[in-house]
Protein chains: 2
Amino acid sequence: MTVDTSTMTLAALDLEDAPSLTIADRLFDQLRQAIVEGEIPAGSKISEPALAARYGVSRGSLREALQRLEAIKLIERRANVGARVVQLSSTELLEIYSVREGLEAMAARLAAERMSDAGIAELKALLERHRQELAHEDWQRYFQQEGDLDFHFRIARGSGNRRLIEILCNDLYHLTRLYRCQFGMKSHRTREALREHELIVEAIAARDGELAEWLMRRHIRASRQATEQQLALITAGHPPSAINGPRVRRPRRPTTRPPATPN
Amino acid sequence: MTVDTSTMTLAALDLEDAPSLTIADRLFDQLRQAIVEGEIPAGSKISEPALAARYGVSRGSLREALQRLEAIKLIERRANVGARVVQLSSTELLEIYSVREGLEAMAARLAAERMSDAGIAELKALLERHRQELAHEDWQRYFQQEGDLDFHFRIARGSGNRRLIEILCNDLYHLTRLYRCQFGMKSHRTREALREHELIVEAIAARDGELAEWLMRRHIRASRQATEQQLALITAGHPPSAINGPRVRRPRRPTTRPPATPN
DNA sequence: TCAAGATGGATTGTCGACAATAAAGACGGC
DNA sequence: GCCGTCTTTATTGTCGACAATCCATCTTGA
């Protein structure tokens, strides 16, 4: 389920231009996965010598991978200080939803206008699989989440807009996965979400760009609201460990330091 | 007129956290400006040893700057081959407009909801300056273009959405400047654009997010259409040097090579 | 007792040299 | 004369060591 999205093109059978993977490339993929899945805990400081030794590479290659992770906003770096894994606050999480709303609504419209018939058929097949998975509730908890992302992922690709695809699939996609792992959120509205997905696909199949855009916007807004409610419950319930308010600028003398990566 | 946008925050007087600029930071800024303004021609190959010598830095620092340039899509790199400055095709240019439409429409809505009264006052003052500049036609050609970007820039910041701001101001902003320099486009609808800007600000001042969003979307679409028409004229007129069709995947044996940077 | 400054330790930024890879040109076969 | 293969050359990827910077602790004075 961890497909390499960075090298995927619209037609995956593109003769695969002998990617010539470099060490930094592989490291980037590994670290990205490790961060998204929580193997490297959120908020932890990243020690360059330690990580370099851990993965058996030079510090230079590691720094290159770190810089790419910074570019997709999975880690934050400060000069002469170091890097740490991002700690998504609830406000930042909601910010991502706003960006996705604007971008994915546009993607849905473009997909309705320009997606190939074959692509639409694949979309329908995907939804059919999701319906079946939803039948036996066991898989629902995790796979439906991945399936949700897969759906949005394909709509983005269906837009045919390279820059749109890159922003959605290379940056926001991984951030979304990260927060779902961090906050441990299991969607309580998979059934409604699936129904909304179906409506969107119908609009795309009917080549109704305006409707597809509107449906996608409403879908993401509903998802955002559900998340907002869950967040309110979480923050009110047990003391938040991974959730903190608006980012404090410079904690001059913090009494307790954030945990370092346990190497 | 080349403000450093990367370190600008909502309140520019933020005590400026002693940014501790590193060599790669400065190089990044310099190279970005050089590329955007055409000093390093579009499509030219970048030789790491040559550039490193030219700027008097190590190749390592240069590579770090290059990697950041790649992150904001100003250069393209291939492993074991090298980097070259982007060559915006007309389709890619229009793609950027679509992304901006989705993002800036959202930004306008958020700005209407959350922008401070002081910020709105500044916006109005900015428009007043633009009106005056538009009075004596001399400045129109170049400054109005910068003024246009400045307007959109401020709306984005007014959204208060950090991620939205970063995408718009750190990535798309420079790309837009780049293509305006590359294609040598002077807007022939500055007067209409200014009027549209005024309407948007009115909507924001009235806290009408829905209207602001709708106006911004229409504004960007109109700008896109004007660009589309200009592109059609250009491609039909003289032989296009900076404009090429859909990107060719692998020019196996190109008879003529793109120009290298003249060092 | 608290605050401010100096000091030590560790981490990051920077650099030059070596190895691996791909592009360009020479050579030979068809 | 043209195509495929091999060699050469230049460029990029990778590495380890040194220098600059920051953080934490300790010291000193009021």
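Sequence lines set the chain letters: A, B, ... in the order given, protein chains first and strands last, and positions in each chain run from 1.
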Item to check | Parallel, tilted or perpendicular: rings of Tyr173(A) and Phe153(A) (30°, 60°) | outcome: tilted
Next on the checklist: For a side chain to side chain contact (heavy atoms under 4.5 Å, CB included) check, start with the C-alpha distance between Asp150(A) and Arg154(A), then their side-chain angles and the critical distance, and finish with the verdict.
Outcome noted: CA-CA 6 Å; Asp150(A) 195 13; Arg154(A) 291 194 188 208; 3.6 Å; yes
Checklist entry - Run the side chain to side chain contact (heavy atoms under 4.5 Å, CB included) check on Arg63(B) and Glu64(A) step by step: do they pass? => result CA-CA 9 Å; Arg63(B) 280 172 66 84; Glu64(A) 193 165 334; 3.6 Å; yes
Item to check | Nearest-Å distance for atom pair CD/P, residues Gln67(B) and dT12(D) | outcome: 14 Å
Checklist outcome for this item: On a heavy-atom basis, the closest approach of Glu48(A) and Leu66(A) is CG-CD1, 4.0 Å
Next on the checklist: The test is side chain to side chain contact (heavy atoms under 4.5 Å, CB included); show your working for Glu92(B) and Val86(B) and say whether it passes.
Outcome noted: CA-CA 11 Å; Glu92(B) 286 169 317; Val86(B) 290; over 6 Å; no
Next on the checklist: Return a single string for nucleotides 11-16 of chain C, one symbol per nucleotide in 5' to 3' order, where B is base contact, S is sugar-phosphate-only contact and - is none, cutoff 4.0 angstrom on heavy atoms.
Outcome noted: SBBBB-
